[in-house]
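Report on the following structure.
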Amino acid sequence: MRSYIRVALLVCLFFGLNQAFAQKYPQDYFRYPMDSLPNFVSPFGVMRDNHFHSGIDLRTNGKIGLPVYAAADGYISRIKVARGAYGKALYIEHANGYSTVYAHLDAYYGAIAEWIHDYQYINQTFEFDKIFIKPFLRVKKGDTIGLSGNSGTSSGPHLHFEIRDSRTEKILNPALFGILPIDHFAPEINKIFVYKFVREGLLLKKQITFNTKNAYWQDIYLVSKDTLLLDADTYGFGIDAHDYIHNSKDPKGLYTYTFWLNQTHKFTHALNQFAFDETKYINAHIDFPYYKLEKLRVQKCFVDDGNKFSNYQTDAHKGRVHFTQPNTHGELIFEAADVNQNKTYVKIFYTIGPSQIDAEKLAYETQMQNKACLFPGKAMLVTQDGFMASMDEKSIYDTVCYTLNTYPKKLDAISNTYSFHTYTTPVHAPFNVSIKLPLPVDGLEDKLLIGYAKNMGDGFVSIGGNYAMGLVQAKASNFGFFKIMLDTVAPKVKRVLPKYMGNSHDTLRWDFDISDDCAGIKSYDMYLNGRWILGDFDAKNDRLTYLFDEVYYIERERIFNLENNPSSAKAFRVLVRVVDNKNNKTERWFDINP
Ligand SMILES: [Zn+2]
């Protein structure tokens, strides 16, 4: 009876919250930006590498080129074209203080498309980021603004859609505005993880304590048959749960999850909104080492000291539990909810055992005592044998007791290799890495950079870097292995012949593969008979494409009309120039018949 009343109270609290949202956020203002019914590939806030999904991904059934509509009246406030990230993106500012974002487009539409094409030719650039302060290109709710695509860092055709608060730039859950997936399934809680704190910031073993196969139903609860045995010590908990939505086979994330200890609220995480500069807290939100090793994202029910993500409601202990009385018992309750208010509850009974010494904890503590440590909120300098790391105060989320090792320089290498702690510990703000150049490189200083690898045996990739005063310096976003590398190799350029795919449009283009082996591509340009032409660069496919536009047709007219034109001159001369981040340049000419 007691638990029934408590749940009833909780339900009231939740519906109360929803009513507050309904009042705060207009419910019919934004329309669905595509023709289909709400058909989500990814809901808001899905956990991804280094970020929470900032919008909703809408299904286009594998197709490119479906019309995308303005969600409400407004004006174009920003146009961003990038080789990666959102690819071709459009931002609309609305009169009610919100803006909407449409990303991974294949193309823009109408007057917007014309403006962009002109802008790219005037500025001789494919990529740009233009913000409009004053209304210029206006749109009406339902106007076609672009065609859906797969541009930028997208792993398949879809539309990425966002609603933002224009004043704060915070991204809001479209569900607050009534844009919801179809979802009749309650979330599934797979496992509950138990963590023991050795001391502030240091976690010991994990114990997995819940398995649905070993549970029974009691009222609304799925109750674990096993009682959890704990010590009089400090613990934290983690939840492995997911949700299924209509018309989608793969599991999605949760909207909220909550943890109670003996009917006292300890922790809630709710994904209503977040700012871009806090999305990387995902790495503190989850059990990061476990994710790196096991590829499973366990969401913690406690908050690390360096985790400043604003979406938590916790008690004074930030969700950690201090059990002090031996030989007592109680219950833990976990709730997982999706945005459609489908919920699942798990209950676990626990017993605090008699006081005893935990040998594993002691051994771990001793092991840590022999190591130097970094602390969240504290800038620190770490140096050894020509290696220097300058930690920002926001670089780490929790105490990090690290190792720093030097591996001697190999014959073909520029410097020693250094290992600084391990890639399974998350880094928030990047830190500066400097490595001393052991030998002069005779005029090749501007080709030096720092290479990074997770493990010694992996291929090292450039994290950039510059040479100054005997040191090569770069920003590192991960712990791991570092060494100085030299990039004198220019990018590669290769023509890819068109494949007729049953659409004449497929042949109205020239494709080139452009790639760089180390420093990465800085710039790329194409010229047709000396005139700059617009190359659309898709970084994920290393593909540079020229879609025939007016320049092509004007040039074609011109060379066909040349008097006494020998047939050999009736070809386009196309120059492709690609420069990498260490200024190694490739220029290749192609003679292409019209
Ligand atoms: Zn997306």
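Please read these numbers as outputs of a predicted model, since none were measured by experiment. Atoms within a ligand are numbered from 1 in the order they appear, just like the ligands themselves.
Aromatic ring pairs are classed by plane angle as parallel below 30°, tilted from 30° to 60° and perpendicular above 60°; the pair Phe479 and Phe420 is perpendicular. Between Trp532 and Tyr121, the two ring planes are perpendicular [angle over 60°; tilted spans 30° to 60°].
Considering just the N/O/S atoms of Asp57, the one nearest the Zn ion (ligand 1) carries the name OD1. For His53, the N, O or S atom with the smallest separation from the Zn ion (ligand 1) is NE2. Of all N/O/S atoms in His160, ND1 sits nearest the Zn ion (ligand 1).
The ring-ring contact (aromatic ring centres under 6.0 Å, His included) with Phe267 is formed by just one residue from the set Phe302, Tyr312, Phe259, Phe334; it is Tyr312.
With contacts defined as side-chain heavy-atom distances shorter than 4.5 Å, the pair Leu254/His269 does not qualify.
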